[in-house]
Structures are given as C-alpha cells and as structure tokens.
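The figures that follow rest on heavy atoms only: side chains count, while hydrogens, waters and symmetry mates do not.
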Amino acid sequence: MRKKLLSLALALALCLGLTVPVFAMGSYTINGITATASPDGTINITGSGVLSEDHRKAVLELSYMVTEDKQIKTVEINIGAGIAYDENWSATVKEDFEEMFSSLGVNVVISDSAGQTVGGFTDVKKSDYFADPVLWATLNKITAGTSATTFSPNENCTVAQILSFLYRAYNSPKVSGSNPFSDVKSSDYYYNAALWAYGKGMVTGSTFGGDRPCTRAMAVTYMWQAAGGAWSASGEFKVSKSVIYGYNGNGGDVVIPDGITKIVDGFYGERLTSLTIPVSVTEVGVTAFGYNQNLTDVYYEGSKTQWDAIKVDENTGGDWAFGDTKPTIHYNSKMPEQKPVNTGFTDVSSTADYAQAVKWAVDKGVTAGTSDTTFSPDSVCTRGQIVTFLHRALAK
C-alpha cells in the first residue's frame, strides 16, 4: 500500500511540475532552501527564503519516503531560522496529511527548530501586534530581516527605509530621469525609491537625507502622498471653445481654469476632494459632478447671486446635482493653499502641512493617536510600527 501511495505521490509531483534542482540522499534543494528527511521521520528545512508551493510538494514527497514500510506514525517538520512562511502554507501541509496519510495513521507536527515563532525571526512572537505585518512584509518582499534570524522590530526606521518599503509595496515601478540628490548614489539600495519619491513630489530639494529618523508625521504623510492624497489641480481638461467636455486625472483638489464658460461632463464619479470654479462659468451639465463622495468644499469666485444664475441643463439655479454629496459652497473665494483640517488632536495644528495626512491615516485605520487627544507627530517610528502601518493600508 505504501509503495503504491509513494508511486502515486511521485506521479502527482511530476504532473504538478515540481521544480527540483537538486535531489540526493532524501533531500530537496529549491531556491536556497533544503528539506532533508531523516530515518526517524523528521524533516528538517534549512537555508533562507520563503517556503513556496514547490517546497510543500517536496515535503509531501519526503514524507512518503520516510514513512514507507516503517512504523513511523508522526512526521515532524522542523523549520529552521531565516525561513519565512505563513499559516496558509502550514495549514495546506496539514490538509495534505489528512487527505493522503489518514488511512495509514500518520500525523504531522510542524515546529520551528530554533524556537522562532514568526517568519524565522527570534525577535517576533505570535503575540506581538506586528507579527502578521512582519510576515506580510517579508513574504511580499517589501522588506527582509536585519539578519537571517532577526527583524529588529524595535529599531528606529529611517527615511530611506520607509520610502523603500513604500516603493516595493507599490510594485517597484520603473523610474527615469537624472538623480537630483547629491547624497544618493546609484549603488544605494534605496536609489530607485528615492527617485520614485522625488518624481511623486514626496521629497524635494537636492539632498535626500536617507539616514534621518522617520517620525509619525513623516510616515503618514509619505503614505498619504503615495496613495494620491497630495494631488492638487491634477489631470488634464478636454477643452473646446471654452467648454470642458472631459477630464483625465485622479481628482483631488481640482481648479477649473479661468475663462471656461461651460462644463458639460467629465467629473462624474471622480475622486474630487475640493473644487474651485471661476466666475466665467455660466452653464453646467446636470451630471458633471455626480457621486464624488469625498467632495467636501466648492470654492466659487463669484457671489451667491451669480451662482444661482448658472444654468444647469437649461434650468437655472445653484443646486447642482452632486449626487448624494452635499459639499459646502464658499462664495467669493478660492481654495486656500492650506485648508484647515480638524484632526481632533491637540498636538496637530489644523494648518499643519501634515494635518490632512494625519486625518487620512486615522480615518483609514492606519494608525490611531498615542492617546485620545495626542498624535505625537514628532515621535520616531520603529520598523515594527512602519510595517504595521503599511499592512493596515495596503494588505488585501
């Protein structure tokens, strides 16, 4: 029976396309990780990297080998230091044993041979608030540990680190252009991240300062900017004879150019947060600005009387169709350069350049305050905190 099952397992592995660069003496080596079977039913997994589907298949095949014609009832899988894996990987292995070995009475025990509890890191325990974020970050190659066995979650995070983490979390987009920074070399691990951040307006100037500690205010600002929160008057208008009939952009704070007389369409469902409309506009399509759920403020450069005189699809009246959104209309005004934002924290001014980022982070659940009334914007973030923020914002 065991030989038949082993033959079936080998055939299954071949059908599933198991990649086995090295196989000798009851061991597989795949992508820098070696799984070795011992006669006593123990399978030791050593090396460094992330356990994959191929490693799972290799472990399954080795399990057949160590139990064939032997009285072994428990296969112990020891995962060594420097190896990352998640609960889905171990759960799938256990399901394999339940399906393929239950009739033989063989069980499986999965443990960390060196006592690591999460991702092979001795300094990350399952009870730590950052345990899942650390595993997510390492499995998705957003960051690695500071060594094969340590993540250093309590170590301060630098500007270079958080921007590198963000760059990788956004799938490491291609960068172009010359290097604007006098303190960044092409050989630096954060070179592409620095250029990416510069291109998005997240960092400015001729120096990058990658070794600076990253504060809570800086962290939420970088994340907010990467998510698109810093757009202002973004996108391109499709204009013909002073008429806007389309818009190609990402929303944000949009300013309609002066001289436009009619807005037909183009903003329906866009992610507008504020809108500035010049007094030259005299006609607007009824669906022009519908369902912009984040639109809170409309700045009109004319008076309320002029606003009420604007034609809306042949009808007059300032009650435009903004969908379910009811923005505040500001007459005789333009969008201020820095809109006041009430965050509810006594240590975050409503006009602070990071106030909107703080509000975004709290609303999205990225982070809360350090107390009911304080955010502690100048406190330096640790590596554990940063990957936790990223996990909350970006993990699917």
Side-chain angles (χ1 to χ4, degrees), residues 166 170 197 199-202 204 217-239 244 246-258 260 263-279 281 284-302 307 310 312 318-345 348-367 375 377 389 392-394:
L166 270 171
Y170 280 91
K200 292 182 70 68
M202 298 163 67
T204 59
M218 294 165 67
V220 295
T221 299
Y222 289 145
M223 294 179 65
W224 174 66
Q225 291 172 323
W231 291 317
S232 180
S234 59
E236 296 179 356
F237 305 103
K238 297 179 181 179
V239 180
I244 289 180
Y247 171 72
N248 180 23
N250 296 310
D253 299 322
V254 172
V255 179
I256 303 298
D258 191 25
I260 294 296
I263 304 170
V264 177
D265 205 347
F267 298 89
Y268 188 87
E270 292 292 341
R271 294 188 295 174
L272 304 183
T273 54
S274 77
L275 181 66
T276 298
I277 300 174
V279 72
V281 173
V284 174
V286 72
T287 61
F289 300 103
Y291 296 101
N292 278 272
Q293 299 299 327
N294 295 320
L295 181 60
T296 58
D297 296 277
V298 173
Y299 299 91
Y300 179 57
E301 297 179 5
W307 173 268
I310 293 175
V312 182
D319 187 15
W320 298 356
F322 288 109
D324 295 332
T325 307
K326 302 297 181 183
T328 300
I329 311 298
H330 305 270
Y331 303 108
N332 298 308
S333 63
K334 296 182 180 180
M335 181 184 69
E337 292 186 6
Q338 176 63 46
K339 294 185 294 183
V341 177
N342 182 17
T343 64
F345 298 116
V348 178
S349 168
S350 63
T351 57
D353 56 5
Y354 52 82
Q356 193 167 349
V358 168
K359 187 176 188 305
W360 168 86
V362 173
D363 290 346
K364 194 172 177 62
V366 172
T367 182
F375 185 78
F389 294 169
R392 292 170 181 166
L394 300 173

### Query
Passes side chain to side chain contact (heavy atoms under 4.5 Å, CB included), Ile263 versus Val281? Steps please.
CA-CA 8 Å; Ile263 304 170; Val281 173; 4.2 Å; yes

Within a strict 4.5 Å, meaning less than it, do heavy atoms of the [X] and [Y] side chains meet?
X: Leu166; Y: Tyr222; value: yes
X: Trp224; Y: Val366; value: no
X: Tyr170; Y: Leu394; value: yes
X: Ile244; Y: Pro257; value: yes
X: Tyr300; Y: Leu275; value: no

### Message
So, using side-chain contact (heavy atoms from CB on, under 4.5 Å) as the criterion, who are the partners of Thr328 when residues are at least two apart?
### Response
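With sequence neighbours excluded, Thr328 shows a side-chain contact (heavy atoms from CB on, under 4.5 Å) to Asp297, His330, given in chain and number order.
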
When rounded to the nearest 0.5 angstrom, what is the spacing between [atom1] in [X] and [atom2] in [Y]?
X: Gln225; Y: Trp360; atom1: CD; atom2: CH2; result: 10.5 Å
X: Thr221; Y: Tyr354; atom1: OG1; atom2: OH; result: 8.5 Å
X: Thr276; Y: Ile256; atom1: OG1; atom2: CD1; result: 8.5 Å

Non-hydrogen atoms of [X] and [Y] that approach each other most closely:
X: Phe375; Y: Ala217; value: CE2-N, 4.4 Å
X: Ser349; Y: Ala355; value: O-CB, 3.5 Å
X: Gly365; Y: Arg392; value: O-CD, 3.3 Å

